[in-house]
2 protein chains.
Amino acid sequence: MGRKRTKSGKIRLAEVAELAGVSPITASRFFRNPEALSVAKRTRVESAAKELGYVPNLAARALASQRTEVIGVLIPSLTNNVFSDVLRGIYDASEGSRYSIQLSNTRYSILQEEKLLRLFLAQKPAGLIVTGIDQTTESRAMLEAADCPIVQIMEIGPNPVDMMIGFSHHDAARAAVAHLFAQGHRKVGFIGARMDPRVQRRLDGYVSAMKDAALFEQRLVVTTATPTSVTLGGALFTDLLARDPGIDAVFCANDDLALGVLFECRRREIAVPEQIAIVGFNDLEFMASAVPTLSSVRTNRYEMGKTAATMLIDAIDGRRPEQPVLDLGFKVIERQSSLSRRSDNRPAASGAGAANKMVALPSSQD
Amino acid sequence: MGRKRTKSGKIRLAEVAELAGVSPITASRFFRNPEALSVAKRTRVESAAKELGYVPNLAARALASQRTEVIGVLIPSLTNNVFSDVLRGIYDASEGSRYSIQLSNTRYSILQEEKLLRLFLAQKPAGLIVTGIDQTTESRAMLEAADCPIVQIMEIGPNPVDMMIGFSHHDAARAAVAHLFAQGHRKVGFIGARMDPRVQRRLDGYVSAMKDAALFEQRLVVTTATPTSVTLGGALFTDLLARDPGIDAVFCANDDLALGVLFECRRREIAVPEQIAIVGFNDLEFMASAVPTLSSVRTNRYEMGKTAATMLIDAIDGRRPEQPVLDLGFKVIERQSSLSRRSDNRPAASGAGAANKMVALPSSQD
DNA sequence: AGGAACGTTGACAGCGCTACCAGCAACGAC
DNA sequence: GTCGTTGCTGGTAGCGCTGTCAACGTTCCT
């Protein structure tokens, strides 16, 4: 026998259809594709829905249509400032669209990512945003088999699964080192934490720049798998100094580390930039107001998230972008921490990327 | 006539049931309430599900059961470090449970919050986490009428809608000011940004402490509606100095501002803490490694998120907490920026809160 | 032994929506 | 006038799962 459960009280599409004097299916069409209705019925359904305060039941819709209006987002970290900017962009872009965001945290584990991917895909998302280009082969296969648009964010590389938006961490690091060279520095150290694939590629960029200048030495590189922090920046810098007290510059794989280095220099009474130059990565908001102001490589994180979500939604709705791979570029922001006194303030080096318009974006908007 | 659509290829519960040699409903029960099955059938269904790689269709489940397994989370900001810590706690707690998180950003607007609330409630969430205690009356009514557990986070106050977890911003601010008094400071300035309800209550706490000591002056307070940033900290401090060059301490409504003040002091060659003492709020990771190290009020953000989600899930599953209102307390962390040389290093002042176990939690875990 | 109580299982119907076609009117082409 | 063609609308039948209740077998009590 059937169920007795109270019919949940909510008004259904059928009620709207009845009030509008149309069939339920016509009412349904009003929400999916209003253009297909005659103007008369369209307005009738519209006002009926408004009058009754109709809210569609997404579960029923998903079940009947065999697809959801959910965009899955897989990012490695919730606390890293970099990702909160990206996320803000994604959420901003999704607002107003009919898609909702389902967020999950891979904690920098590609195995965890694979597990989450399986979970997501089983629910037939409308689209997917994944971080980076280093998936497991299993994940890669799932992504390629998925019948929804996919955007890989944070970096660009060969063989996009579908769409891709980011920049070259390798080139960005090279540009940072080139800037230090231009300022007359030679013994440039590298410190990096966590060493996820993107940090690894920054290291690679650093190494290639140093080797090109025949300045590379292994002992100039200090890294750790530990998650990044300001305190860690100080500790790694201390290590670096112990390995080679003669360094004259440090390229930090992110800004937290750079701030830590700055504090450590202050603690040791090392003059910045006179004795040691510092360059960070990401250009978080505080870099511009440190004393001395800290140089960094600016990346368009908010724009990346926003564009990724916009591209994805467009693709879901059938409007594929002309360019599936978007290089957002970067820009070396030269500040006091790396400019020698005799500096002639040359223009900042910029990364490739057609979309290299560098609007002043707050890296932290609260 | 019926539909021809490919049956989506996926294995359904019916397939699992068939392989296990039970009825679909029995298989269903295995997932909802395994205890209700005999051990024999339980293992049969379990292995059948595993063999087929069965993944339940959440939309169908939601439609049939008239409820979802979604926890709605409403927070004011995605970029504020404070909320990323809370979020990390929430996501960590939800992991492993069958509930998924649906996150939305109110952008510090209670009208936006009301709109989102309406949206969420229409989808019958399993539970809700909302920020703070300052909802519109309309929102408040909706929350009270909602037939799901609700947790208010970030602060505690009278009349919880349901459950509540946080601490007293008022008391925390008072404690910070008391600490400055104890260090011999009298002309204590306040700087605050954004001025959301919680910052407002920190200001209230500051004002009450100052008035109690008969030291309150309006010109010692500098606030703005602008979102917070390190740079802004420097600017507000500059304002404060202009209003009263005689101040001997600053209580900053958050740590970004405090860092900005520190940099501004360095720029102006004001000695910290000799000429100006600084206390921040939240105790973000960098506070401990600044030079001088910066005092702050530690708040248990990660724990707050984690406990909120745990309480909520427990309540959804019918295990209501003994205590619906949880005060997580705070702790004034006294560091160099506010300790006078003659300081006798008294023990740090702690907030109320039964759960005042102050485990060392990294405020930023990456 | 009879029956109540319990634990376990299954049949049935339906949650609210949409895919698929069919049907119908209006229109133009021949 | 007949036959497409187009544009709009509706009927039917599910999507995959679970609430409800009935039915069954077993145990325990009187």
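Numbered from 1 within each chain, the chains take letters A, B, ... in sequence-line order. We use all heavy atoms of the structure for the numbers below, so side chains are in, but hydrogens, waters and symmetry mates are not.
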Quiz item: Has A/Ser65 got a side-chain N or O lying under 4.0 Å from the OP1 or OP2 atom of C/dT18?
Solution: no

Exercise. Please state how far atom CG in B/Leu63 lies from atom P in C/dT18, giving the value in whole angstrom units.
Key: 11 Å

Practice problem: May I have the distance from A/Ile25 (atom CD1) to C/dA19 (atom C1'), rounded to whole angstrom? | Solution: 8 Å

Quiz item: Considering only side-chain heavy atoms of A/Asn57, which listed nucleotide, C/dC17, D/dG16, D/dT20, is closest?
Solution: C/dC17

Quiz prompt | Between P of D/dC15 and CZ of B/Arg12, the distance in whole Å | solution = 7 Å

Quiz item: Got more than 12 heavy atoms from elsewhere within 6.0 Å of CG, B/Asp147?
Solution: no

Quiz prompt | Rounded interatomic separation in angstrom, taking CD from A/Glu35 and P from D/dT9 | solution = 13 Å

Quiz item: Does B/Gln66 put a side-chain nitrogen or oxygen below 4.0 Å from OP1 or OP2 of D/dC17?
Solution: no

Quiz item: Does the side chain of B/Thr26 get closer than 4.0 angstrom to OP1 or OP2 of C/dT9 through an N or O atom?
Solution: no

Quiz item: With sugar-phosphate meaning primed atoms plus P, OP1 and OP2, does B/Ala62 contact a base, only sugar-phosphate, or nothing at under 4.0 Å between heavy atoms?
Solution: nothing

Exercise. Whole angstrom is fine here: how far is it from CD in B/Glu18 over to C1' in D/dG16?
Key: 15 Å

Exercise. Measure the distance from CG on A/Asn33 to P on C/dA19 and round it to the nearest whole Å.
Key: 11 Å

Quiz prompt | Minimum-distance nucleotide (side-chain atoms of B/Ala64 versus D/dT18, D/dT9, C/dC17) | solution = D/dT18

Quiz prompt | Below 4.0 Å: OP1/OP2 of D/dC17 and any side-chain N or O of B/Tyr54 | solution = yes

Quiz item: Once you round it to whole Å, what is the distance between P of D/dT18 and CG of B/Leu37?
Solution: 13 Å

Quiz item: Which listed nucleotide (C/dT9, C/dT18, D/dG19) is nearest to the side chain of B/Lys41?
Solution: C/dT9

Quiz item: Distance check: side-chain N/O of A/Ser28 vs OP1/OP2 of C/dT18, anything under 4.0 Å?
Solution: yes

Quiz item: B/Ser38 has a side chain; which of C/dT9, D/dG16, C/dT18 sits nearest to it?
Solution: C/dT9

Self-check item: Check: A/Glu155 side chain, A/Gln152 main-chain N or O, donor-acceptor pair, under 3.5 Å
Solution: no

Quiz item: Between the side chain of B/Ser97 and the main-chain N/O of B/Ala93, is any donor-acceptor distance below 3.5 Å?
Solution: no

Quiz prompt | B/Phe31 and B/Tyr54 aromatic centres sub-6.0 Å | solution = yes

Self-check item: Whole-Å distance separating the CG atom of B/Leu52 from the P atom of D/dG16
Solution: 15 Å

Practice problem: Pick base, sugar-phosphate or nothing for A/Arg42, based on heavy-atom distances below 4.0 Å to the nucleic acid. | Solution: nothing

Quiz item: B/Val151 and side chain to side chain contact (heavy atoms under 4.5 Å, CB included): which partner among B/Leu128, B/Val161, B/Leu326, B/Leu312?
Solution: B/Leu312

Quiz item: Considering only C/dA19, D/dG16, C/dT9, which nucleotide approaches the side chain of B/Arg29 most closely?
Solution: C/dT9

